[in-house]
Structure formats: structure tokens, C-alpha cells
Amino acid sequence: MIRAYQEEDKGALVELLKLNTPKYFDPSELSEFMTYLDQEREDYFVYELADQGILGAGGINRFDNGKTGRISWDFVHPQFHGKGIGGQLLRYRLNLLKEDPKIEKVVVRTAQFTCRYFEKFGFELMRVEEDYWSKGYHLYYMEYQYLSETNEIYEKVT
């Protein structure tokens, strides 16, 4: 089940992030994630199964006067990688952004470890900045834009 983040989810999410560190996140990013949850979060969602708890999470932030949606802080419990949880969370957020008539493009800032994953959903690599997140963790800035006049998006996802 995908649901909105609640303050009491923070501890479980911190533990999930730690399980994905250092393979996908540098240890220094933990404090950035906590700041995100406390101060920068707009729309954040968790994937939860009643019998197993929170297994994944991901957010949306908006920029450029609401015209750009950013996919933010995605991760899934390592034992559930490849099981479709991340894809469900991503599709859920892409569909929310699709419903927002102000959104003209969607971006994600990720690392080299997950850029191929986002490519499967139609994101295109726009630029790379080496050692952006920390040494050895490069920024892969990726973008997916609406077809401006028809407002059709994510044909690769649906």
C-alpha cells in the first residue's frame, strides 16, 4: 500500500536509508535526508505492507513556480529490490504529477548507481557532475518532459 508519509515513519525510513548505505547513498547523506523530512519535504510517500512494515519511500518537490516536479529521495529495502516496489512508487508519483496542469517537466537527481533504473521509465540523462553528493557519488541529472500541447506523459510507464 502506498500512503502519505507520517512523522512516526521517520525512524523506519532512517533505518531503510542506512540499509542502502553505502551502496547507493554516502553516509553523509543521512543528515541531509533528515533535514529533507523535517524542512524540505512537500509530498512524500511510503510503501507499506501490514505484515512487513515500510519497505520503500519516495517524494515529490516542485520548483520553477510549480512548473517542474522533482522526484526525491527514492529507496527500497535491499531485500525487496527488483520486486516492483520502487516502480510502483515511481508510477504513483508520476501519475500525481501528470494530473497537475502546471507541471511541464519532471526531473530526478540521482547517482550513477540508479540512472539506468530511471532510464527504464523514460528519463533522459541531461548532465553529470562528478563527486557531487560526495567523493565517488556523481550527480546524474535526468529529465522527462510532458508533450506540451497534449499533456500526455509517461507513455513508457503506463
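Basis for what follows: all heavy atoms, side chains included, without hydrogens, waters or symmetry-related copies. Given the structure is predicted, the values throughout are model-derived calculations rather than measurements.
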Quiz item: Between NZ of K102 and CG of L97, what distance do you get to the nearest 0.5 Å?
Solution: 12.5 Å

Practice problem: Show your working on side chain to side chain contact (heavy atoms under 4.5 Å, CB included) between V106 and I71 and close with a plain yes or no. | Solution: CA-CA 7 Å; V106 177; I71 301 298; 3.9 Å; yes

Practice problem: Give, for atom CD of E8 and atom CD1 of I54, the distance between the pair rounded to the nearest 0.5 Å. | Solution: 8.5 Å

Quiz item: Around atom CZ of R3, are there more than 12 heavy atoms of other residues, nucleotides or ligands at under 6.0 Å?
Solution: yes

Exercise. Considering only NZ, NE, NH1 and NH2 on the basic side and carboxylate oxygens on the acidic side, decide whether K135 and D26 come within less than 4.0 Å.
Key: no

Practice problem: Could you please spell out the steps behind the side chain to side chain contact (heavy atoms under 4.5 Å, CB included) verdict for Y137 and D131? | Solution: CA-CA 5 Å; Y137 292 79; D131 299 330; over 6 Å; no

Practice problem: Mind running side chain to side chain contact (heavy atoms under 4.5 Å, CB included) on M142 and T110 for me, showing each step along the way? | Solution: CA-CA 8 Å; M142 304 179 81; T110 190; 3.9 Å; yes

Self-check item: Flag side-chain contact, heavy atom, 4.5 Å: Y47 against Q88
Solution: yes

Exercise. Without swapping roles, check the side chain of R93 against the backbone of G59 for a donor-acceptor pair under 3.5 Å.
Key: yes

Exercise. Determine whether L96 and F45 make a side-chain contact, defined as any pair of heavy atoms from C-beta on separated by less than 4.5 Å.
Key: yes

Self-check item: Donor-acceptor side-chain pairing of N61 and Y36 below 3.5 angstrom
Solution: yes

Quiz item: Are any non-hydrogen side-chain atoms of Y140 and H138 less than 4.5 angstrom apart?
Solution: yes

Quiz prompt | Side chains of D9 and Y44 in contact at under 4.5 Å (non-hydrogen atoms) | solution = no

Exercise. Quick one: pull up CD1 in I60 and CD in E42 and give me the separation to the nearest 0.5 Å.
Key: 9.0 Å

Quiz prompt | Donor-acceptor under 3.5 Å (H77 side chain, G56 main chain) | solution = no

Quiz item: Under the ring-ring contact (aromatic ring centres under 6.0 Å, His included) criterion, do F121 and Y117 qualify, and how do the steps go?
Solution: CA-CA 7 Å; F121 289 88; Y117 173 80; 5.2 Å; yes

Quiz item: Which atom pair, heavy atoms only, marks the closest approach of L17 to E29?
Solution: CD2-O, 4.4 Å

Exercise. Look at E129 together with R127 and state whether they make a salt bridge at an N to O cut-off of under 4.0 Å.
Key: yes

Exercise. Kindly indicate whether the side chain of V108, heavy atoms from C-beta on, has any atom under 4.5 Å from the side chain of R70.
Key: no

Practice problem: Look at R62 together with D100 and state whether they make a salt bridge at an N to O cut-off of under 4.0 Å. | Solution: yes

Quiz item: Quick one: CG on L49 to CG on L55, what's the gap to the nearest 0.5 Å?
Solution: 5.0 Å

Quiz item: Does N95 use its side chain to pair, donor to acceptor, with the backbone of R91 at less than 3.5 Å?
Solution: yes

Quiz item: Considering only heavy atoms from C-beta outward, does the side chain of C115 approach that of L125 to under 4.5 Å?
Solution: no

Quiz prompt | Side-chain touch K120/L90, heavy atoms, less than 4.5 angstrom | solution = no

Self-check item: Main-chain N/O of T35 paired to D38 side chain as donor or acceptor, under 3.5 Å
Solution: no

Quiz item: Angle class for the W73/F33 ring planes (parallel below 30°, perpendicular above 60°, tilted otherwise)?
Solution: tilted

Quiz item: Quick one: are L94 and Y144 in side-chain contact, heavy atoms under 4.5 Å?
Solution: no

Quiz item: Around K10, counting heavy atoms of other residues, nucleotides and ligands shown, do more than 12 lie under 6.0 Å from its NZ?
Solution: yes

Quiz item: When hydrophobic residues are tied together by side-chain contacts of less than 4.5 Å, even through go-betweens, does V107 share a cluster with F63?
Solution: no

Quiz item: Any salt bridge between E7 and R41, counting N to O under 4.0 Å?
Solution: yes

Quiz prompt | Distance-only polar pair, side chains of R109 and Y132, donor-acceptor under 3.5 Å | solution = yes

Exercise. Please step through side chain to side chain contact (heavy atoms under 4.5 Å, CB included) for the pair V46 and L89, ending with a clear verdict.
Key: CA-CA 8 Å; V46 299; L89 277 163; over 6 Å; no

Exercise. Would you check, one step at a time, whether the test ring-ring contact (aromatic ring centres under 6.0 Å, His included) holds for F75 with Y24?
Key: CA-CA 9 Å; F75 50 87; Y24 299 104; over 10 Å; no

Self-check item: Expected output: side-chain T68 to main-chain D64 donor-acceptor under 3.5 Å
Solution: no

Quiz item: So which heavy atom on G66 is nearest to which on I103, and how close?
Solution: O-CD1, 3.3 Å

